[in-house]
Amino acid sequence: MNVSTQNEKLKSLYEQMLMIRCFEEEVERNMKKNLFHGTTHLCIGQEATAVGVCSILKQGDNITSTHRGHGHSIAMGADINKMMAELFGKVTGYSKGKGGSLHIADVESGNLGSNGIVGGGIPIAVGAALTAQIEKSKHVTVCFFGDGATNQGSFHEALNLASIWQLPVIFVCENNEYGMSSHIKDMVNIENLSSRADAYGIPGVTVDGNDVINVMEETKLAVDRARNGRGPTLIEAKTYRYSGHSKSDKQVYRTDEEVTERKEFDPILRLEKKMIKSCMVNNQELQEIKYKINQQVEAATQFALKSEEPELNELFADVYA
Amino acid sequence: MNVSTQNEKLKSLYEQMLMIRCFEEEVERNMKKNLFHGTTHLCIGQEATAVGVCSILKQGDNITSTHRGHGHSIAMGADINKMMAELFGKVTGYSKGKGGSLHIADVESGNLGSNGIVGGGIPIAVGAALTAQIEKSKHVTVCFFGDGATNQGSFHEALNLASIWQLPVIFVCENNEYGMSSHIKDMVNIENLSSRADAYGIPGVTVDGNDVINVMEETKLAVDRARNGRGPTLIEAKTYRYSGHSKSDKQVYRTDEEVTERKEFDPILRLEKKMIKSCMVNNQELQEIKYKINQQVEAATQFALKSEEPELNELFADVYA
Amino acid sequence: MRKLTYLESIREAMQQQMRANEKVFLLGEDIGVYGGGFGVTEGLLEEFGENRVRDTPISELGFTGVAVGAALTGLRPIVEFQFSDFIVLALDQIVNQAAKIHYMYGGKGSVPLVIRTPGGSGTGAAAQHSQSLEAWLTHIPGIKVIQPSTPYDAKGLLKAAIDDPNPVIFYEHKLLYKTIGDVPETPYTIPIGKADVKKEGTDLTVVATSIMVSRALEAAEELKKENISLEIIDPRTLVPLDERSILQSVKKTGRLLVVYEAVKRSGYGAEIASIVAEKGFEYLKAPIKRLGGQAVPIPSNKKLEKAAVPQVEDIIEVAKGLVR
Amino acid sequence: MRKLTYLESIREAMQQQMRANEKVFLLGEDIGVYGGGFGVTEGLLEEFGENRVRDTPISELGFTGVAVGAALTGLRPIVEFQFSDFIVLALDQIVNQAAKIHYMYGGKGSVPLVIRTPGGSGTGAAAQHSQSLEAWLTHIPGIKVIQPSTPYDAKGLLKAAIDDPNPVIFYEHKLLYKTIGDVPETPYTIPIGKADVKKEGTDLTVVATSIMVSRALEAAEELKKENISLEIIDPRTLVPLDERSILQSVKKTGRLLVVYEAVKRSGYGAEIASIVAEKGFEYLKAPIKRLGGQAVPIPSNKKLEKAAVPQVEDIIEVAKGLVR
Ligand SMILES: Cc1ncc(C[n+]2csc(CCOP(=O)(O)OP(=O)(O)O)c2C)c(N)n1
Ligand SMILES: Cc1ncc(C[n+]2csc(CCOP(=O)(O)OP(=O)(O)O)c2C)c(N)n1
Ligand SMILES: [Mg+2]
Ligand SMILES: [Mg+2]
């Protein structure tokens with residue numbers, strides 16, 4: 001594509017990443033104020049993976065997400081008002097307040113759902129890809145999961161199934177180095193999780209998950225293969241989580257120094273630098289963008305606060321379709 | 001070791017393999033006569049793996065086995081009378097007639113048990129190896145399973161655990177090419193199952209499972225590593241099952257030609273040839289051995305037939321330790 | 001009328017639904033050329049091809065999850081488990097995913113998934129291949145649980161299950177596969193949630209499920225000779241349960257015996273007994289009895305295996321005790 | 001006497017058993033430096049080291065199987081599941097292996113394994129983190145199932161579980177962790193299979209488990225004002241169950257209400273109700289009532305979550321209905 005469209009593209013990626021960052025920071029503030037019943041898992045620091053990957057997808061493509069799924073939902077175009085309302089347990093939320101942070105989904109728009117079970121979404125993504133293959137729809141499915149999930153049996157069984165049936169699915173492992181507290185180096189005995197692809201005879205690649213361009217490029221290759229019937233790919237995106245695992249995390253398993261160090265590779269700052277260097281934007285424009293987005297996330301909180309609680313009869317609705 | 005002890009060793013391996021063969025053939029005869037309640041899975045054609053592997057083990061070492069476990073039990077020194085009695089459901093059997101063919105075990109002698117769940121024994125073997133490591137006993141555990149079991153999540157989770165903790169366990173995959181009816185080539189998208197070892201950062205090797213010497217040599221290397229604290233190994237032994245998967249198998253998934261072809265690589269005949277070539281035995285001696293062993297397996301059937309059924313109160317015994 | 005075995009009627013239901021709706025497909029271990037663990041799917045590969053009759057690796061959790069994902073995106077998978085004991089490996093996908101998705105998503109998305117699997121003992125397959133764990137699934141909101149006892153019920157209920165927009169577990173029984181009964185050739189539906197009075201009677205209500213229905217009927221024949229009249233009710237579907245039919249019968253007879261093969265303790269018969277103890281208390285002239293499996297793993301020895309679960313003689317004995 | 005929280009008493013029981021027997025060790029996700037999902041194992045890594053406090057990968061089926069193998073070969077593992085919902089991934093090893101090995105091997109080999117895990121709702125964690133599936137395990141011969149409701153019971157029962165030669169599932173409750181009670185410092189054992197009368201009374205027997213015990217006691221306080229006297233029995237262990245204590249109480253009061261958090265349908269309360277409907281029928285002056293969870297997945301919204309399981313007011317209302 002030509003320079004100007006390329007710049008427009010970059011700018012929209014930037015805005016999406018910033019939206020995720022600001023949304024999560026707002027969620028963190030609300031959580032600290034104890035406005036939520038229940039916990040939530042923030043993806044601050046990992047925005048480039050969600051945005052880079054989803055930017056390649058088309059209408060009709062699907063994703064499955066995880067407990068750390070806000071970024072994936074936003075990258076798939078979710079309405080942050082409905083998301084925030086869901087976290088507040090309001091009837092205006094994606095699940096009428098019945099699912100909460102762990103279960104945000106929007107099946108029509110291709111978000112087959114966050115998941116509270118580590119590894120639970122992996123076979124489901126393969127199933128969505130099977131539908132595409134059987135119906136010859138050319139749609140692909142992206143399956144997000146963390147480094148810790150690669151030690152679940154579901155990972156193994158699902159990748160093998162996707163490979164023997166050559167299904168259009170892209171497995172995206174967001175390796176943020178930690179499970180809840182365990183470092184992935186102590187939980188596997190290999191250098192790169194992407195090498196596990198060899199056990200299934202599919203391509204595996206490790207990308208810099210904090211470089212949105214790099215993420216996009218590798219995702220594009222994988223998506224093109226999948227669309228053309230050439231089967232699944234495993235992408236390992238190396239990234240880092242800034243916040244605690246969840247509300248209750250005291251983070252005794254890592255040092256503040258480590259976290260500060262990692263922030264030097266911040267995906268948003270890196271893109272910002274790039275954009276300024278190439279004179280796409282100036283600082284003032286950036287300030288305007290940030291202001292606009294912060295307005296939107298604050299509005300989301302206001303929307304949620306103003307929304308109604310579900311009626312008691314909602315308890316009994318939706319058990320069966 | 002010197003030649004004569006080497007020859008003695010070979011001869012005893014031969015006798016064990018022949019014992020397994022003859023036992024299984026006797027079981028098949030009894031099954032055809034409908035003398036058993038329930039099914040059984042024969043390992044005819046796979047004798048070299050069980051015998052070659054177990055010949056390396058010492059007092060205190062353990063194995064876990066599978067639904068196709070008669071050979072493993074015999075190679076661990078099981079009493080064929082008690083085995084046959086178990087298949088007949090008699091109180092003189094290993095499990096007093098309550099476990100049957102699928103659950104023959106002899107925990108004291110290191111046979112931690114056959115298993116009716118494909119892949120069920122794999123984490124259990126890793127647990128036995130953990131005991132050895134924690135108690136610094138220098139004992140190793142051999143974990144037998146089939147090609148089909150390598151697609152179970154338990155395989156993945158167990159091998160990873162064994163690797164990160166560097167446990168003294170040897171994973172022995174008997175690749176007889178088929179699950180119940182599916183060919184492993186259709187169930188995985190890789191050449192050698194041993195390559196899955198790479199996903200866990202452990203050594204993996206493929207051996208000719210019908211060559212008892214080859215099996216022994218590779219097992220020895222793996223066992224030595226394990227005993228010396230250098231962690232687990234995955235051994236893939238390529239072999240072939242002659243009989244149907246179980247009693248009810250019509251074997252429509254393979255041709256008679258294929259089976260006949262494979263029988264050219266019969267593990268017992270190959271050892272026989274070797275022994276005759278090196279003048280260790282002559283045909284007459286072989287006949288005597290075969291006669292002796294057939295006497296023993298027929299005696300096992302007689303023992304089983306003469307044995308008593310368990311009393312009704314056995315139904316309620318052994319639910320809790 | 002035309003006779004079919006229980007096994008054939010299940011096959012025919014799948015075959016007819018697959019012809020009627022190309023979104024229906026099968027997935028499971030050795031269901032293709034082998035025809036499935038017990039031969040239920042024999043011939044379907046030939047008619048429908050590998051795309052709709054899919055042999056899977058031995059990956060119960062994985063292929064069940066694949067079915068969930070396929071159902072969530074518009075297909076109608078029918079999964080076969082060779083033995084119901086193996087469901088235990090796939091429960092995360094059944095219980096934490098399939099059963100809850102529609103609710104967790106606030107009524108959006110549905111999982112029209114059918115899981116077929118044989119339960120029960122009697123084949124000498126021992127403790128890991130003979131369990132009856134249907135009660136587990138009945139405890140989980142969002143799933144429906146079906147347990148047919150005759151060829152006729154099997155065909156009509158399986159059609160209902162395949163047409164249902166929710167996850168449905170369809171429990172077959174190994175010992176019923178060869179039983180024969182009248183089965184219409186044209187497709188028909190038996191509504192999920194409707195019990196069937198298999199025999200009318202006046203002295204004692206016997207609620208029996210799966211293989212126990214035929215044993216209860218045998219017992220009833222015997223007891224007739226002693227002028228004891230059993231009314232035998234087959235719920236057919238455990239969730240949803242047709243409470244009304246059961247309560248009406250107890251109202252008439254004043255006595256209840258629940259017979260099931262699963263381990264008595266915490267089996268579904270406990271739920272049935274408890275419902276009557278609460279809503280039918282005033283009808284009761286005698287204690288509510290349950291006949292269920294002994295609290296032991298199923299042994300392989302034939303004699304012990306038989307003694308582990310209710311037999312005709314047990315039903316006769318307990319029934320006599322109740323009416324006397 | 002010394003006060004401890006329920007959480008601290010569980011930790012102390014493990015700590016004391018680990019000091020007394022070096023074969024006891026812990027295994028689970030994030031139980032080391034993180035101290036476990038809810039902080040129960042905090043400090044144990046420091047005292048006992050990585051060899052006996054083992055952080056595992058997220059491999060529930062795998063590490064449970066490892067524990068089974070370790071137990072079968074002489075160690076005494078205590079496994080923690082961060083949420084009891086995750087047991088669903090490991091049931092093959094619990095149900096098909098651990099529970100059956102001793103029986104399938106004809107009495108040889110044993111599996112002294114303890115599984116600790118918090119069940120229950122009330123934290124807004126939604127449908128996949130709030131289930132109460134203890135009834136499932138009670139259906140499986142070969143396992144023991146414990147559900148302590150107080151700090152005192154938790155410590156004594158956990159010691160009993162660790163000393164037991166069989167697989168034992170120890171169900172904790174998230175909302176009980178911070179509750180405080182008298183707990184002796186010296187190790188003590190509460191026998192598995194002995195119920196505890198938490199409050200004596202005359203008008204109505206209430207059998208309550210886990211978190212429902214304290215709610216029943218609150219309800220009893222309220223009802224006292226209206227001269228309604230509840231007797232509250234806490235089975236403490238579901239398998240084995242102390243039937244005698246329950247039947248004796250019903251003999252005295254003539255009325256029974258069973259209260260549990262799990263989904264009412266097919267919950268363990270159905271088993272308790274059925275036992276009384278069979279063996280205590282002649283004592284009964286009123287229908288047996290059960291109060292259990294609604295047949296819905298647990299929603300995350302606080303108001304709905306509360307409405308999904310029995311609360312004090314529900315117990316009061318039903319109790320009144322029963323005695324009037
Ligand atoms: C089956 C299962 N086991 C354990 C948990 C508890 N848990 C939630 S998130 C998490 C860590 C997941 O690590 P990873 O897959 O790397 O994802 P991340 O949190 O780093 O995004 C754990 C152990 C769970 N939700 N599900
Ligand atoms: C969990 C589970 N799934 C399915 C089965 C049914 N089954 C028994 S053996 C078998 C094939 C196993 O193949 P493989 O692991 O290669 O062992 P082999 O039979 O070739 O020795 C199957 C599918 C089972 N016993 N357990
Ligand atoms: Mg991570
Ligand atoms: Mg095989």
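Predicted model, so just to flag it, every value in this text is computed and none were measured. Here is the naming used below: chain letters follow the sequence lines, and residue numbers restart at 1 for every chain.
Heavy-atom pairs under 4.5 Å with chain C were tallied for A/Leu161, A/Ile122, A/Val126; the largest tally goes to A/Leu161. Comparing A/Ser154, A/Gly120, A/Ala158 by heavy-atom pairs within less than 4.5 Å of chain C, the highest count is held by A/Gly120. Ranking A/Gly97, A/Gly100, A/Ala105 against chain C, the residue ahead of the rest is A/Ala105, based on heavy-atom pairs under 4.5 Å. Among A/Ile164, A/Asn160, A/Asn115, the residue making the largest number of heavy-atom pairs under 4.5 Å with chain C is A/Asn115. Ranked by heavy-atom pairs under 4.5 Å with chain A, the list C/Leu61, C/Thr64, C/Asn96 is led by C/Leu61. The candidate with the highest count of non-hydrogen atom pairs below 4.5 Å against chain A, out of C/Arg54, C/Arg52, C/Lys100, C/Lys144, is C/Arg54. The candidate with the highest count of non-hydrogen atom pairs below 4.5 Å against chain A, out of C/Ile101, C/Asn51, C/Leu27, is C/Asn51.
When heavy atoms are compared at a cutoff of 4.5 Å, A/Ala317 approaches chain C solely by way of its backbone atoms N, CA, C and O. Contact annotation for C/Phe63: both backbone and side-chain heavy atoms come within less than 4.5 Å of a heavy atom of chain A. Neither the backbone nor the side chain of A/Thr64 comes within less than 4.5 Å of any heavy atom of chain C. Using a 4.5 Å cut-off between heavy atoms, C/Leu89 does not touch chain A at all. Interface residue A/Glu135: only side-chain heavy atoms are found under 4.5 Å from chain C. Contacts between A/Ile104 and chain C at a heavy-atom distance below 4.5 Å are absent for every atom of the residue. For C/Glu60, the part lying under 4.5 angstrom from a heavy atom of chain A is the backbone only.
When atom types are taken as modelled, the side chain of C/Arg76 and the backbone of C/Ile162 share a donor-acceptor pair closer than 3.5 angstrom. A/Gln166 contributes a side-chain N or O that, together with a main-chain N or O of A/Ser163, makes up a donor-acceptor pair within less than 3.5 Å.
Counting non-hydrogen atoms of other residues, nucleotides and ligands closer than 6.0 Å to CZ of C/Arg244 gives a total of 12 or fewer. Counting heavy-atom neighbours within 6.0 Å of C/Glu46 CD, excluding the residue itself, gives a total above 12. Surrounding CD of C/Glu50 are at most 12 heavy atoms belonging to other residues, nucleotides or ligands under 6.0 Å away.
The ring of C/Phe83 has its center closer than 6.0 angstrom to the ring center of C/Phe38. If you look at A/His156 and A/Tyr200, their ring centroids are closer than 6.0 Å.
Of the residues C/Val68, C/Val114, C/Ile115, the one that meets the side-chain contact (heavy atoms from CB on, under 4.5 Å) test with C/Val79 is C/Ile115.
Rounding to the nearest 0.5 angstrom, the gap separating the CG atom in A/Asn30 from the CZ atom in A/Phe36 is 4.5 Å.
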